[in-house]
Amino acid sequence: MKDLASQLQGVSTVAILGHVRPDGDCAGSCLATWNYIKAWYPKIQARVYLEPIPNIFRFLHGAGEIVHEFADAPAYDLCIVQDCGDAGRLGDAAKYFEQARRTICIDHHVSNSSFADENHIDPKASATSELIFELLEEERVTREIAECLYVGIVHDTGVFQYNSTTAKTMNIAGKLMERGIDFTKIVDETFYTKTWSQNRIMGKVLMDSRMYLNGACILGVASREDMRQFDVLPKHLDGIVNQLRVTRGVEVAVFLYENEDRSYKVSMRSNGKVNVAAIAMKHSGGGHVMAAGVTMTGTPDTIMAELLTDIEEQLSAWTTERA
């Protein structure tokens with residue numbers, strides 16, 4: 001894909017979609033595209049369809065315009081899917097994708113199945129927001145667009161600490177900062193600041209965490225009862241898996257939280273020796289080499305037993321290759 005402008009030629013209506021349980025990159029990249037269309041193509045009717053985004057992202061321009069109810073299903077001229085690896089991850093908003101006259105997907109997940117009519121996929125990009133920046137005319141990146149993209153990049157790079165961060169990523173971040181965004185406030189208030197309840201449940205998960213494979217793997221679990229006790233929702237659990245990951249000696253961190261239907265959302269983070277995307281895809285999930293997720297059924301013990309087989313196999317292969 002050359003640029004976003006060429007995709008908008010002859011288009012009157014656009015639906016912008018992202019994955020279920022939208023995170024910073026999903027919300028940021030989708031709202032950046034919406035702001036771009038609203039600013040420079042005012043005759044185009046554009047809507048963002050997402051599940052409710054975390055409150056920390058509601059300061060982004062256009063957040064109040066996001067449609068959370070998916071009752072109507074008009075046939076849009078163009079459907080732009082962002083930060084989503086397959087149609088199944090669109091949830092109830094998938095009908096807008098299915099009925100659109102033309103579809104494109106912009107994404108950086110290595111597990112992306114190239115499911116749209118046109119696909120712009122780059123697993124080496126730090127974030128979908130990085131790809132969106134490259135598809136826009138630089139002079140048309142307003143302060144509002146820059147805020148959205150900066151949020152996306154910050155959250156998918158862990159504030160530039162993951163190895164997906166490149167010189168290009170930093171260069172783009174610098175250009176976004178030049179638009180006058182309050183980058184310090186964005187980082188503090190959307191990435192680091194936690195409520196007391198969030199800190200308490202993180203503390204419990206860390207206290208109850210378990211080590212496996214001689215300390216190479218760590219597991220943390222949050223049950224429905226834990227979430228009720230500390231009055232938190234799944235969206236308030238961000239950051240726990242990353243805190244587990246930075247435990248000295250750990251190669252893979254696994255965090256499970258229990259869903260309403262008793263299944264578990266599994267988040268995995270790697271420090272380099274294990275491709276967690278490959279493990280997630282094996283269990284019908286997806287993601288990135290260093291960060292991936294999947295939903296699994298069973299108890300924490302049975303789920304972990306399945307994952308440990310794959311983790312240990314990769315760690316053994318990594319050791320053998322370097323012997």
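Keep in mind it's a predicted model, so treat the numbers as computed, not measured.
In this view, F97 and F115 satisfy the ring pair (Phe, Tyr, Trp, His ring centres under 6.0 Å) rule, not counting sequence neighbours.
No side-chain heavy atom of N214 sits under 4.5 Å from any side-chain heavy atom of Y212. With contacts defined as side-chain heavy-atom distances shorter than 4.5 Å, the pair N119/I104 does not qualify. Contact check for Q314 versus I279: side-chain heavy atoms found under the 4.5 Å cut-off. Side chains of L17 and C30 form no contact here, defined as non-hydrogen atoms less than 4.5 Å apart.
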inquiry  = For K168 and E134: C-alpha separation, side-chain torsions, deciding distance, then whether salt bridge (Lys or Arg N to Asp or Glu O under 4.0 Å) applies.
reply    = CA-CA 10 Å; K168 181 172 69 173; E134 293 183 303; 3.1 Å; yes

ask   = For T103 and D117, what are the C-alpha separation, side-chain angles and deciding distance, and is it a side-chain hydrogen bond (donor to acceptor under 3.5 Å, both in side chains)?
value = CA-CA 5 Å; T103 61; D117 295 329; 3.3 Å; yes

Residues V254, M304; criterion side chain to side chain contact (heavy atoms under 4.5 Å, CB included); working and verdict = CA-CA 8 Å; V254 180; M304 196 59 189; 4.0 Å; yes

task = Before giving the answer on side-chain hydrogen bond (donor to acceptor under 3.5 Å, both in side chains), spell out for T33 and Q82 the whole-Å C-alpha distance, their side-chain angles and the decisive distance to 0.1 Å.
result = CA-CA 9 Å; T33 299; Q82 298 181 188; 2.6 Å; yes

message = Run the side-chain hydrogen bond (donor to acceptor under 3.5 Å, both in side chains) test on D25 and S129 for me, step by step, so that the C-alpha distance in whole Å, both residues' side-chain angles and the decisive distance to 0.1 Å come before the verdict.
response = CA-CA 6 Å; D25 191 27; S129 294; 2.8 Å; yes

task = Begin from the C-alpha positions of T13 and Q45 and carry the test side-chain hydrogen bond (donor to acceptor under 3.5 Å, both in side chains) through to its verdict.
result = CA-CA 5 Å; T13 59; Q45 178 189 342; over 6 Å; no

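Inspection of the D182 and Y150 side chains reveals no N or O donor paired with an N or O acceptor under 3.5 Å.
By the neighbour-count criterion of 12 heavy atoms within 6.0 Å, atom CZ of R262 is sparsely surrounded, having that number or fewer from other residues, nucleotides or ligands.
Ring geometry for H19 versus H109: interplanar angle over 60°, hence perpendicular rather than tilted (30 to 60°).
Aromatic ring centres of F57 and H155: separated by under 6.0 Å.
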